[in-house]
Amino acid sequence: MPLVSMRQVLDEAAKGKYGVGAFNVNNMEQIQSIMEAARETKSPVIIQASRGARAYSQDRFLYHLMIAATEVYPEIPTVLHLDHGNSPETCFSAIEMGFTSVMMDGSLMPDGKTPSTFEYNVEATRKVVEAAHAKGVTVEGEIGCLGGIEDGHGTGLDGLSHLTDPGQAVEFVKATGLDALGIAIATSHGAYKFSSKPTGETLKMARLIEIHKRLPDVHLVMHGSSSVPKDLQDIINQYGGKLKPTWGVPVEEIQLGIKNGVRKINVDTDNRLAITGAIRKVFAEKPEEFDPRSYLKPAREAMKKVVALRMTQFGQAGHANDYKPISLETMANRYAAQPVAV
Ligand code: 13P
């Protein structure tokens, strides 16, 4: 099956009332971990690459690895999504390369850290929607800004200074015609999100619920949604790492989000932690090893375990074969039949 549109995967998730994890990748092992977890749990897949990941892996390698994923796992509907496109041009180059979904993050200026104006965000996002939809490609936008900085994206603040305003979210969706909306509810990228376990109040879940009430048909996206589990932190620290105590987003809060319109959940840090812990363990326990496979295999297995668990917790497990893929051409025709209101 060719790479599929994210819109279709999220529409199906909305029908089935479940969420779909969007896992970041930079290399072959991470792609393999996700696809193996998907096969094991029979889950649809969203694989996402940031600008940093595209530069690291080089576009052509990434693209062909993704094509390999669709060949080796033909039964899994698989989306290739651009995470945090910083400008329309970055989104266009991703579409050109074969991404089936792009995020235009116009909440920040192209430097990836300066909050932009509402007008700038609408203009940049709308421009991407027009070009992407003409090719059947899905668009995610963002209103409000995330904290932290990962791959050059985030305000660098604590995630509280630019929460999503529900009224503005409604206006934004109407003006852009996007498919999925990233919202800021006090999450941030990276391992250091909270200094104690966050509650629904810390996380501004009431705001998320309010946004869903006002936009019941829009697929909401939770960014910065790693749970930063203590056991993964402990493995790293046990084998010579120096992580400071930290808390992520509890899975039960994500599940509450899924009950309230969240269809895409972005996870990167948990997988980074799993990989690093597994590699540190081999280095500490078998210092005589020097074959990269001796540590990359356990790393791949550790990431697969985290991804399979999240797929089950988000509810996407068991849904890989619910539907037949709709071609991007058909998606483009559907979009053309419903132009964005001016
Ligand atoms: P985490 O750092 O919480 O994994 O967030 C990843 C993310 O939101 C990518 O866009």
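Both counts, for ligands and for their atoms, begin at 1 and track the order of listing. Numbering starts at 1 and runs along the sequence shown.
- Every atom of ligand 1 is numbered from 1 in the order shown, and the set under 4.0 Å from a heavy atom of Gly190 is 2 (O).
- Residue contact annotation: Met222 has no non-hydrogen atom under 4.0 Å from ligand 1.
- Of the polar atoms of Asp83, at least one N or O is found under 3.5 Å from an N or O of ligand 1, judged by distance alone.
- From the protein, the heavy atom lying nearest to atom 2 (O) of ligand 1 is Thr269 OG1, 2.6 Å.
- Under a hydrophobic-cluster definition in which Ile, Leu, Val, Met, Phe, Trp and Tyr are linked whenever side-chain heavy atoms come within less than 4.5 Å, directly or via other members, Val45 and Val79 are assigned to different clusters.
- Near Gly224, with a cut-off below 4.0 Å to any heavy atom, the atoms of ligand 1 are 1 (P), 3 (O), 5 (O), 7 (C), 8 (O).
- In summary, the atoms of ligand 1 found under 4.0 Å from a heavy atom of His84, numbered by their order in the structure, are 10 (O).
- Put simply, the side chain of Thr100 gets close to the backbone of Val4: a donor and an acceptor are under 3.5 Å apart.
- Where the criterion is an N or O separation shorter than 3.5 Å, residue side chain and backbone included, Ser188 fails it with respect to ligand 1.
- By the 4.0 Å N-to-carboxylate-O rule, Glu40 lies close enough to Lys304 to be salt-bridged with it.
- The part of Ser225 lying near ligand 1 is the backbone, judged by heavy-atom distances below 4.0 Å.
- Taking the six-membered ring for Trp and thresholds of 30 and 60 degrees, Phe314 and Phe23 have nearly parallel ring planes, at less than 30 degrees apart.
- Against a heavy-atom cut-off of under 4.0 Å, Val267 is close to the following atoms of ligand 1: 4 (O).
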Q.
Is there a side-chain hydrogen bond (donor to acceptor under 3.5 Å, both in side chains) between Lys244 and Gln233? Walk through the geometry before answering.
A. CA-CA 9 Å; Lys244 291 174 273 181; Gln233 296 178 43; over 6 Å; no
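- Residue His189 places at least one N or O, backbone or side chain, under 3.5 Å from an N or O of ligand 1.
- Note: Phe283 and Tyr239 fail the aromatic proximity criterion, with ring centroids not under 6.0 Å apart.
- For residues 141-193, the set of pairs meeting the ring-ring contact (aromatic ring centres under 6.0 Å, His included) definition, not counting sequence neighbours, comprises His84-His153, His84-His189.
- By the criterion of a heavy-atom distance under 4.0 Å, the side chain of Asn24, and not its backbone, is placed next to ligand 1.
- In terms of protein heavy-atom proximity, atom 3 (O) of ligand 1 is closest to Lys193 NZ, 2.5 Å.
- If you number the atoms of ligand 1 from 1 as listed, the ones under 4.0 Å from a heavy atom of His223 come out as 8 (O), 10 (O).
- Shown here are the salt bridge (charged side-chain N to carboxylate O under 4.0 Å, His left out) partners of Asp111, two or more places apart in sequence or in another chain: there are none.
- With respect to the salt-bridge test (charged N to carboxylate O, under 4.0 angstrom), the residues Arg126 and Glu130 qualify.
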